[in-house]
Amino acid sequence: MSYGRGPPDIKGMTSLKVDNLTYRTTPEDLRRSFEKYGEIGDVYIPRDRFSRESRGFAFVRYYDRRDAEDAMEAMDGRRLDGRELRVQMARYGRPETPPHRRRRRRYS
């Protein structure tokens, strides 16, 4: 885990969204399960801002789109920590500016 550091440079990576995770699933657990399909650039589990607990989903990012597609086919419906995973291509990339740092426009 890299607390205190900014996010890695993910430009050019293909992101998978992995849903239905338990709160105890770690990035290392996901990396072990997904790395057999190709080289992983990043694993990110969003956490609740206040409780710091997992929000129950993650992003696994591959350098090669074909590896991500192979992982999605193989891992969708597989069980991890007693739960059936739902794996799909992430629909949206990371925003350029985090929401808490965006300027709010004032309208008069």
- prompt: Under the 3.5 angstrom rule, does the side chain of D76 hit a backbone N or O of V87 as a donor-acceptor pair?
  reply: yes
| Heavy-atom distance under 4.5 Å between the side chains of Y63 and T14, does that happen here? | no
Taken to the nearest 0.5 Å, the spacing of R55 CZ from R47 CZ works out to 11.5 Å
Those residues at least two apart in sequence (or on a different chain) that pass side chain to side chain contact (heavy atoms under 4.5 Å, CB included) with R24 are T22, D81
* Between R83 and L21, is there a donor-acceptor pair closer than 3.5 Å when you use the side chain of the first and the backbone of the second? -> yes
Contacts of K17 meeting salt bridge (Lys or Arg N to Asp or Glu O under 4.0 Å) (sequence neighbours excluded), chain-then-number -> D19
Practice item. Could you check whether the rings of F59 and Y44 sit parallel, tilted or perpendicular, using 30° and 60° as the cut-offs? Key: parallel
For a side-chain contact (heavy atoms from CB on, under 4.5 Å) check, start with the C-alpha distance between E39 and Y62, then their side-chain angles and the critical distance, and finish with the verdict.
CA-CA 6 Å; E39 187 177 359; Y62 285 89; over 6 Å; no
Nearest heavy-atom contact between V18 and F34 is CG2-CZ, 3.8 Å
Across all chains, not counting sequence neighbours, the salt bridge (Lys or Arg N to Asp or Glu O under 4.0 Å) partners of D67 are none
### Message
Please say yes or no: joined through hydrophobic side-chain contacts below 4.5 Å, possibly via intermediate residues, are L85 and M89 part of one cluster?
### Response
yes
- Query: Donor-acceptor pair, D29 side chain versus T26 backbone, under 3.5 Å?
  - Reply: yes
Crowding at CZ, R66 (>12 non-hydrogen neighbours, <6.0 Å): no
Original post:
Under the 3.5 angstrom rule, does the side chain of N20 hit a backbone N or O of E84 as a donor-acceptor pair?
Top reply: yes
Quiz item: Would you call E69 and R65 a salt bridge, taking side-chain N to carboxylate O under 4.0 Å as the test?
Solution: yes
What verdict does the side-chain contact (heavy atoms from CB on, under 4.5 Å) test give for L30 and L80, after you've listed the backbone C-alpha separation in whole Å, the side-chain angles of each residue and the deciding distance to 0.1 Å? CA-CA 9 Å; L30 289 170; L80 180 66; 3.8 Å; yes
When rounded to the nearest 0.5 Å, the distance separating CD of E28 from CD of E35 is 11.0 Å
Does some side-chain heavy atom of M75 sit less than 4.5 Å from a side-chain heavy atom of Y37? yes
Heavy atoms of A58 and P46 approach each other most closely as CA-CD, 4.1 Å
Nearest heavy-atom contact between A71 and L16 is CB-CD1, 3.9 Å
